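Contents: one structure, followed by commentary.
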Amino acid sequence: MSITSVRGFNDILPGESELWRHIEETAWSVFRTYGFSEIKLPIVEKTELFLRSIGETTDIVEKEMYTFIDRHGDSVTLRPEGTAPAVRAFIERKLHTAPVTRLYYTGPMFRYERPQKGRYRQFYQLGAEVFGEESPRADAETLSMLMRFFGKLGVEGARLEINSLGDRNCRPAYKERLYNYLKERTGDLCENCLKRIDANPLRALDCKVPGCIEATREAPSILDSLCEPCAGHFEAVRRFLGLSGISPVLNPRMVRGLDYYTRTTFEITADTGLGSQNAVAAGGRYDSLVSELGGPDTPCFGFAVGIERLALIMKGAAPRKPLTVFVALGDEAVLKGVELVAAWREAGIRVVEDFSTGALKSRMRKADRLNADFAVILGDNELKAGTVTIKDMRKAEQADIEWDRAAGAISGGE
RNA sequence: GUGGACGUGGCUCAACGGUUAGAGCACUGGACUGUGACUCCGGGGGUUGGGGGUUCGAAUCCCCUCGUCCACCCCA
């Protein structure tokens, strides 16, 4: 075997890359209508950024990061997610001088996990972050933007679940209540949850071990423990979502794997095609992260979409411009063809010229294999007449068209 | 990181430990010397993922390794 790619690192080949481009272009066109601008972020950041933002006891930090010592002796990490770098840039580049900053980004993320369908070591996310909006309307509007994006792509069977994790004021008290509740039932919990009780008791809530599900069935709900402002915020988010025609499923047991979330969190899951990797998009509010990383107090809301997973559940294919294959028969036709093909491309038409000289039959077969919409033939007869034979490969019809009218016949009506 | 299933032409898959590892699709040439998708005939294409072992003999059995998929963990 010759050299292969690294485990969990894939090539996105033609046939699939068109769909990716369509996803990204659709995202950009939708996000722009909500006032977002693109930010291009580096792929490598100082390791400390992720330790301090994602949280030292999270799975990502504990076992999934691609961390290296560079030649200077600094510890750097291939970004496992996009929010932390975006926040770093927001603070470092002083973007807070604008009243509101809305950013989107796309690109590869890296996590050292065992690959599975819809889960890779290098995977792609498309994300958006709103900086400086405390209003629950920001949560609702950003979520409805995401739903609109999914709708435009023809995603079906997506399910939106939301929860509120409270904030610095009310979450500690809830943690305490939950901790005490769990302490009473340590005999029923799995090994994993026993370890989690002290570091992050909330994680026991979404454990899938039957014993833990049973043991936490009667556990206090975080939604009952929210302080006045957090409860009001959450209620407003739901009200505004309703006004946008979105009715999320309330899931008080949903706990995200990153430490920086406050108040609203959400997850969009797909019910088909992804096995247990069914989370397609997720995000939430992180009102304390910017200040914790040394920036001014800035409430934020953001999300990330997994592009591989999105591509897997999409029904519609990428839109496609018609393709023309040009076939010149004879030396003179080749020369004239140079001129014609150049003019068509200038007009934005996709043209591939068949450079081979074999039997027309095999060249037509080639055009068919290239999935051409039209085959354009220029031979001696056409040269004399100043025309070209245009065959519509789908309808199996053909006609002779004058040179200066050919572009119109193969442009696909654009 | 744990457990399991599976790796055979480009693709989908056959072949009980026993001749030269086959078939369909795809590719290519011809029937048809300017017309694809149908039909018929011919042709090319393999280190059976890689390495080691058992055996007179290994695609087949054993070990190691790499990879894919599934479940768990967790997540996009």
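The structure presented is a predicted model; accordingly, all values stated were derived computationally and were not measured. Lettering of chains follows the sequences in order, A, B, ..., and the numbering in each one begins at 1.
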So what does [X] hit on the nucleic acid, given a heavy-atom distance under 4.0 Å: a base, only sugar-phosphate, or nothing?
X	value
A:Ile377	base
A:Ala396	base
A:Glu81	nothing
A:Gln122	nothing
A:Ala281	sugar-phosphate
A:Ile54	nothing
A:Tyr120	base

Between [N] and [M], how far apart are the two [atom1] atoms, rounded to whole Å?
N	M	atom1	value
B:G36	B:G29	P	14 Å
B:U8	B:G50	C1'	14 Å
B:C27	B:A21	P	26 Å
B:C63	B:A5	P	12 Å
B:A26	B:U39	P	9 Å
B:A59	B:G17	C1'	11 Å
B:G9	B:A23	C1'	12 Å
B:G57	B:C74	C1'	49 Å

May I ask you to verify whether the side chain of [X] and the base of [N] hold a donor-acceptor pair under 3.5 Å?
X	N	result
A:Asn381	B:G34	yes
A:Glu113	B:A76	yes
A:Lys391	B:G36	yes
A:Glu64	B:G1	no
A:Arg119	B:C74	yes

cation_pi(A:Arg137, A:Phe240) dist<6.0 Å, angle<=45: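 Satisfied, under 6.0 Å and within 45°.
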Closest to side chain of [X], choosing from [options]:
X	options	answer
A:Thr389	B:U35, B:C74, B:G29	B:U35
A:Asp368	B:C73, B:G36, B:G34	B:G36
A:Tyr112	B:G1, B:U35, B:A76	B:G1

Check: A:Thr216 main-chain N/O paired with A:Arg185 side-chain donor or acceptor under 3.5 Å: no
Nearest heavy-atom neighbours spanning A:Thr269 and A:Ala279: CG2-CA, 4.1 Å
Parallel, tilted or perpendicular, as decided by the 30° and 60° cut-offs, for the rings of A:Trp20 and A:Tyr124: perpendicular
Ring geometry between A:Trp28 and A:Tyr104 (parallel below 30°, tilted from 30 to 60°, perpendicular above 60°): parallel
Selection residues 377-386 of chain A - residue pairs positive for salt bridge (Lys or Arg N to Asp or Glu O under 4.0 Å), sequence neighbours left out: none
Can you tabulate the close N/O pairs, meaning under 3.5 Å, that link protein atoms to atoms of nucleotides 41-44 of chain B?
none

[X] vs [Y] side-chain heavy atoms within contact, under 4.5 Å:
X	Y	answer
A:Arg285	A:Thr265	no
A:Arg88	A:Glu45	yes
A:Leu103	A:Glu38	no

Position toward the 5' end of RNA chain B (nearest nucleotide), A:Lys395 or A:Arg369: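 Nearest nucleotide further toward 5': that of A:Arg369.
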Pairwise 5' ranking along RNA chain B for A:Phe123 and A:Lys361, keeping only the more 5' one: A:Lys361
Roughly how many Å is it from [atom1] in [X] to [atom2] in [N], rounded to a whole number?
X	N	atom1	atom2	answer
A:Ile313	B:A76	CD1	C1'	11 Å
A:Leu312	B:A76	CG	P	16 Å
A:Tyr105	B:A76	OH	P	10 Å
A:Arg365	B:C38	CZ	P	10 Å
A:Phe326	B:U35	CZ	C1'	15 Å

Between the protein and nucleotides 65-68 of chain B, which nitrogen or oxygen pairs are less than 3.5 angstrom apart?
| residue | atom | partner | partner atom | Å |
| --- | --- | --- | --- | --- |
| B:G67 | OP2 | A:Arg7 | NH1 | 3.3 |
| B:U68 | OP2 | A:Arg7 | NH1 | 3.3 |

Within 6.0 angstrom of A:Tyr112 OH, more than 12 heavy atoms from elsewhere: no
Flag if over 12 foreign heavy atoms under 6.0 Å of CD, A:Glu48: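 Open: at most 12 neighbouring heavy atoms sit under 6.0 Å from CD of A:Glu48.
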Check: A:Phe149 ring centre within less than 6.0 Å of A:Phe31 ring centre: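 Close enough - the centres of the two rings lie under 6.0 Å apart.
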Sequence-distant partners of A:Glu64, salt bridge (charged side-chain N to carboxylate O under 4.0 Å, His left out), two or more places apart: none
Listed pairs, N/O of protein and of nucleotides 2-4 of chain B, under 3.5 Å:
| residue | atom | partner | partner atom | Å |
| --- | --- | --- | --- | --- |
| B:U2 | O4 | A:Arg114 | NH1 | 3.1 |
| B:G3 | O6 | A:Arg114 | NH2 | 3.0 |

Consecutive Watson-Crick or G-U pairs in runs of at least 3, all under 3.5 Å, in which RNA chain B is involved: B:1-7 with B:66-72, B:10-13 with B:22-25, B:27-31 with B:39-43, B:49-53 with B:61-65
